[in-house]
**Student:** 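Before I ask anything, let me first share the structure, which is written out below as structure tokens.
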Amino acid sequence: MRFIIELHEALLIAWDAVRANKLRAGLTTLGIVVGIVTVTLMGTAIQGIQRGFRQSISVLGTDVLYVQRFDWFINSHAEWLRQQRRREITWSQFKALERQLNSARAVAPMVDIREAVKYKNRSATGVTIIGTTDQFLVTGGVGISEGRFITPEESEGGRPVCVVGAQTATNLFRGEPILGSRVYVGGHPFEVVGVLEKQGEFLGAFSLDNQVVIPIGQLTAHFVPFPDYTIQVKVGDESRLEDVREEVRGLMRKIRHVQPGDDDDFAINQQDQFIKTFNRVTGVIATVGLFITGLSLFVGGIGIMNIMFVSVAERTREIGIRKAIGAKRRNILIQFLLESMCICLFGGCIGLALAAPLTLALRRLMPATMSFGLVGLSLGVSLVVGVIAGFMPAWRAARLNPVEALRNE
Amino acid sequence: MSLIRLDRVSRYYRMGAETIRALEEVSLTIDRGEYVAIMGPSGSGKSTLMNLLGCLDTPTSGVYELNGLNVSEMDDNQLAEVRNREIGFVFQTFNLLPRATALRNVELPLIYAGLAAEERRQRALEALERVGLGGRVNHKPMELSGGQGQRVAIARALVNRPSILLADEPTGNLDSKTGMEIMAIFNDLAATGHTIILVTHEEDIAHCARRIIRLRDGRIASDDPVRK
Ligand SMILES: Nc1ncnc2c1ncn2[C@@H]1O[C@H](COP(=O)(O)OP(=O)(O)O)[C@@H](O)[C@H]1O
Ligand SMILES: [Mg+2]
């Protein structure tokens with residue numbers, strides 16, 4: 001009870017002191033304002049990028065392994081040169097893996113090329129042509145919005161059918177019935193049997209909907225006879241990801257005749273490699289942001305400390321009076337700490353008020369929202385700066401000798 | 001038992017190489033209910049003595065007992081507590097908080113005593129009533145005359161019902177008529193049993209008290225009852 005009364009009194013005094021010097025308080029908070037704007041914008045940006053990234057990355061599937069010739073992320077030139085010497089992944093290797101691997105839910109080969117696609121006199125260029133099997137429906141995590149996907153029989157066989165992506169469909173068709181119509185992929189006729197669901201963009205850069213899926217047999221027949229395959233392995237259960245990965249690795253080493261003790265001559269890529277690399281990037285952003293934040297908060301804190309020393313000097317007589325009347329050291333200490341915290345909180349609020357419209361601007365670039373956590377963090381940081389910056393002046397005030405303080409004019 | 005007992009109390013100030021002996025082995029007792037005036041030429045140690053009596057300062061040597069408690073050995077916070085409970089100060093320059101109303105100024109000691117808002121207000125109003133300022137409670141010090149300001153200060157000194165009222169030249173900044181009005185309040189308080197110690201250099205003010213202590217060069221030169 002007593003503490004609450006004292007705290008209340010200290011708050012009143014602090015508030016009164018800040019109000020009496022609004023302009024001065026406002027000016028000294030500049031550093032805090034910059035710091036808080038930086039920290040909130042940076043936090044918002046990182047969260048926004050992360051959210052956008054996770055949305056994109058989810059098309060890779062959290063439980064899908066990509067068996068490929070190259071690693072997604074190669075760290076050195078030497079490593080790149082080494083990987084260039086790797087042999088391609090062949091059809092028979094895929095078949096062998098598919099036959100021997102029985103712990104995975106689905107295995108699909110995948111080859112992609114770029115070709116123009118034509119319908120009547122319209123054409124779409126730069127379309128990704130994916131050659132695969134019926135299993136791609138499972139491994140690729142795609143959905144069908146119209147018609148059907150390619151069947152097991154069509155997969156390796158000669159029937160020229162295709163499934164078009166949502167974007168390609170709207171690019172080529174103007175209200176004509178899509179299913180059953182004939183499109184030309186790189187000059188070869190294909191019958192459209194289905195349309196894929198819209199998937200959005202990958203990393204905000206390229207559309208996943210501007211694609212055409214054709215049977216792998218058709219792709220090797222017309223475009224690339226001996227492609228370098230990617231083998232998609234859908235585990236079906238994230239908890240078994242590591243086990244299946246090890247099994248795939250063992251099988252691939254056997255299939256490709258890798259000698260014991262030699263390094264793998266293939267890569268097993270998965271989503272979390274993207275995440276790891278991505279986290280490194282956001283880590284760099286965060287480090288730079290934190291540096292700017294730290295610097296401005298430091299400069300801001302020094303400014304606040306300075307102004308608090310001024311405030312203590314100006315009010316020495318008041319301190320003397322309060323002490324003569326019975327204020328203890330802690331009363332004076334808390335009074336000035338709260339004043340410093342009020343000023344910093346004030347700066348924090350200005351910072352947030354500036355950051356809010358900037359966040360809206362950021363929203364054009366990424367799914368950015370200023371989270372409650374960030375607002376809380378900013379206010380918390382402001383208060384901490386207030387305590388740290390105010391401590392020295394408040395401590396000095398608390399220790400003033402009442403007789404000397406009273407003599408002060 | 002005496003309310004105040006000083007036993008060979010000294011207070012020295014060190015000014016570089018020089019030591020100023022502001023008080024030299026002063027021994028003194030004051031009982032509850034006494035009305036004492038302290039006189040002496042400028043620099044004789046009156047304010048130093050008041051600061052010691054008021055626990056704003058501690059002696060260089062000697063023992064000061066207030067209400068049986070050895071004040072000379074207390075730390076900062078204990079002294080603050082004693083000042084809050086036992087001492088009411090009235091200063092020559094009033095020393096009111098300029099931005100606070102009369103009422104808030106008077107409430108201040110009660111805030112540090114930890115009293116709840118309602119009781120604080122009640123007691124502060126009573127104290128202001130007592131010094132004849134019941135109608136001015138929401139005025140700021142700037143809006144009050146000198147005499148009224150000093151009344152607020154007296155109300156503030158009284159409000160926590162201290163054992164002693166200490167006044168260092170309370171009429172020093174007032175004209176003689178207002179000064180006598182303030183002295184009338186002190187006389188009245190003394191008549192109702194308050195212990196009052198005041199510093200003055202005016203004989204007729206000092207003669208309001210019932211005992212006059214005269215200091216010279218930090219020592220007690222005389223200590224006599226006032227004959228009326
Ligand atoms: N803080 C101080 N530092 C140094 N000397 C002081 C201090 N306070 C008082 N003195 C000296 O102590 C002596 C007594 O001062 P004071 O008690 O203020 O006298 P009075 O109130 O009787 O005029 C004077 O010589 C004064 O200069
Ligand atoms: Mg003096």
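Scope of the values below: all heavy atoms of this structure, side chains included, with no hydrogens, waters or symmetry mates. Lettering of chains follows the sequences in order, A, B, ..., and the numbering in each one begins at 1.
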**Student:** Treating R2(A) as the side-chain partner and Y112(B) as the backbone partner, does any N or O pair qualify as donor plus acceptor under 3.5 Å?
**Tutor:** yes

**Student:** Can you tell me if CZ on F291(A) sees more than 12 non-hydrogen neighbours from other groups inside 6.0 Å?
**Tutor:** no

**Student:** For N77(B) and R329(A), work out which heavy atoms get closest and say how close.
**Tutor:** OD1-N, 3.2 Å

**Student:** So for atom CZ, which belongs to R216(B), do other residues, nucleotides or ligands contribute more than 12 heavy atoms lying within a distance under 6.0 Å?
**Tutor:** no

**Student:** What distance separates I325(A) CD1 from L97(B) CG, expressed to the nearest 0.5 Å?
**Tutor:** 6.5 Å

**Student:** If you tally heavy-atom pairs under 4.5 Å against chain A, which of N95(B), L56(B), L115(B) wins?
**Tutor:** N95(B)

**Student:** Answer yes or no: does atom CE of M74(B) have more than 12 heavy-atom neighbours from other residues, nucleotides or ligands under 6.0 Å?
**Tutor:** yes

**Student:** How many angstroms lie between atom CG of L108(B) and atom CD1 of I321(A), to the nearest 0.5 angstrom?
**Tutor:** 9.0 Å

**Student:** Given a strict heavy-atom distance threshold of 4.5 Å, which part of R317(A) is in contact with chain B: side chain, backbone, both, or neither?
**Tutor:** side chain

**Student:** Using a 6.0 Å cut-off, check whether atom CZ of F278(A) has over 12 heavy atoms from anything other than its own residue.
**Tutor:** yes

**Student:** Find the distance between CG (D76(B)) and NZ (K323(A)) and round it off to the nearest 0.5 Å.
**Tutor:** 5.0 Å

**Student:** With a cut-off of 6.0 Å (strictly less than), are more than 12 heavy atoms of other residues, nucleotides or ligands near CG of D217(B)?
**Tutor:** no

**Student:** Is it true that atom CZ of R396(A) has more than 12 heavy atoms of other residues, nucleotides or ligands lying nearer than 6.0 Å?
**Tutor:** no

**Student:** Counting only heavy atoms closer than 4.5 Å, note whether L96(B) contacts chain A via side chain, backbone, both or neither.
**Tutor:** backbone

**Student:** Is chain A contacted by the side chain of R85(B), its backbone, both, or neither, given a heavy-atom distance below 4.5 Å?
**Tutor:** neither

**Student:** Can you name the nearest heavy-atom pair linking A327(A) to A80(B), along with the distance?
**Tutor:** O-CB, 3.6 Å

**Student:** State the CZ-CZ distance between R315(A) and R99(B), to the nearest 0.5 angstrom.
**Tutor:** 8.5 Å

**Student:** Roughly how far, to the nearest 0.5 Å, is CD1 of I111(B) from CD1 of I13(A)?
**Tutor:** 7.5 Å

**Student:** Among A113(B), G54(B), A116(B), which residue forms the greatest number of heavy-atom pairs with chain A at distances under 4.5 Å?
**Tutor:** A113(B)

**Student:** To the closest 0.5 Å, what do you measure between CG (D57(B)) and CD (E404(A))?
**Tutor:** 8.5 Å

